[in-house]
Amino acid sequence: ENVYPLTNGVSYNSYVIMDKKTCLLDTVDESICNTFIKKVSEVLGLRKLDYLVINHMEPDHSATISNLLQKYPDVTIICNDKILAMFKNYFEDVAMPYVQVIKEGEVLDLGEHKLTFVFTPMVHWPDNMVTYSEEDKILFSNDIYGQHLASSKRFDSEVGLEISLQEAKKYYANIVLPYTKQAYKIASLAKNLDIEMIATSHGVIWRDHIPEILDLYDNMTTSAKQDKAVVVYDTMWGSTAKIAKAISEGFAEAGVTVSLFNINDTHASDIITQVMESKYLAIGSPTFNNNILPEIASFLCYLKGLAPVGLKYISFGSYGWGGQSVQIIKDELEALKFEELLPAIKQLYFPTNDNLQLIKQTAGYRLQKQTGRYKT
Ligand code: FEO
């Protein structure tokens, strides 16, 4: 999952239930294998490990299973059929442990605790599932509701609501977004579950702000949009930058919150987090070798993969000859089924002050029409 810089760190969370039977939910990344095995051993003490629930086989949650099996060879693995197929592929040299393949909705009885398994395919791999403990009202959600956020504290209110929600949003925008339809089903189901804690496999455990994280998922999985605009550009000699600024000023005067990004200054993961909840997107590049500048090409590639929906766009850029860049950007955004807000802005050499004023007024006018704020 290391698709973006982990500026606030990353944690791999694994949980133990001590009951008549002992149960471990998920393992961790290989980078912390020794610490993990030691901690599990400390928690279990002299007791054996009866069950290992595997909710997801991506290596950040499964890479240390073989090490765990060396210490607890008699453990029974609880998983679904897709996870079992991946397990055989990942660990072909490991002696097959006893495996209990469960079905959707099946219950595992640990004594006081009864675990129910809900399959969540494509959130964000085909094998994913979550585990619900009715007695504790805990949802062991694995990736869902997670954040790339590491702290010595464990719970949402200890780490801080604002950063926890922001990182949950960034995680969703960069990892889950292409699977929004599938995530919607899980978010809808979670709203109807009696939940007192969401024990994620990354970041904080949601305990004191369950309504807030469920609300955030409600918005993200229904592609809810705000009156926001994102303007992204690269520039060679400043012309495309001037157009970007003129568009931004026009948008801002129309009353929309605008985020203006030079692609070289901000990572694509932060930009996409803004794009996900915005209504408007403007992307610009000058023509460079009959093409667009590489950083904008990379951003468009990233955008295409994550496939946000429902945006209105402007393509823009300057040129000296050729002038292919705006059509290339336009084609990419049309392929995403975005709707054109304003005809492409294609500027020969340098934009005059009159041109910039016209761009600003036109962009603002179009947004005023969109938002119903236009008065004449
Ligand atoms: Fe955290 Fe999809 O693994």
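First listed ligand is number 1; within each ligand, the first listed atom is number 1. No hydrogens, no waters, no symmetry mates; every other heavy atom, side chains included, goes into these values.
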S.K.: Considering just N/O/S atoms, say which atom of Asp60 is closest to atom 1 (Fe) of ligand 1.
M.R.: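 Atom name returned: OD2.
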
S.K.: About how many Å separate CG of Leu341 and CD1 of Ile314, when rounded to the nearest 0.5 Å?
M.R.: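 Spacing of CD1 (Ile314) from CG (Leu341) equals 4.5 Å.
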
S.K.: Could you tell me whether atom 1 (Fe) of ligand 1 has an N, O or S atom of Glu58 under 2.8 Å away?
M.R.: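 False for Glu58.
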
S.K.: Closest to atom 1 (Fe) of ligand 1, which N/O/S atom of Asp143 is it?
M.R.: OD1

S.K.: Does the ring centre of Tyr233 sit less than 6.0 Å away from the ring centre of Phe316?
M.R.: no

S.K.: Apply the test side-chain contact (heavy atoms from CB on, under 4.5 Å) to residues Thr76 and Leu52: give CA-CA distance (whole Å), side-chain angles for both, the deciding distance (0.1 Å), then the verdict.
M.R.: CA-CA 6 Å; Thr76 296; Leu52 166 64; over 6 Å; no

S.K.: Does the ring centre of Tyr217 sit less than 6.0 Å away from the ring centre of Tyr145?
M.R.: yes

S.K.: Do you see an N/O/S atom of His61, backbone or side chain, under 2.8 Å from atom 1 (Fe) of ligand 1?
M.R.: yes

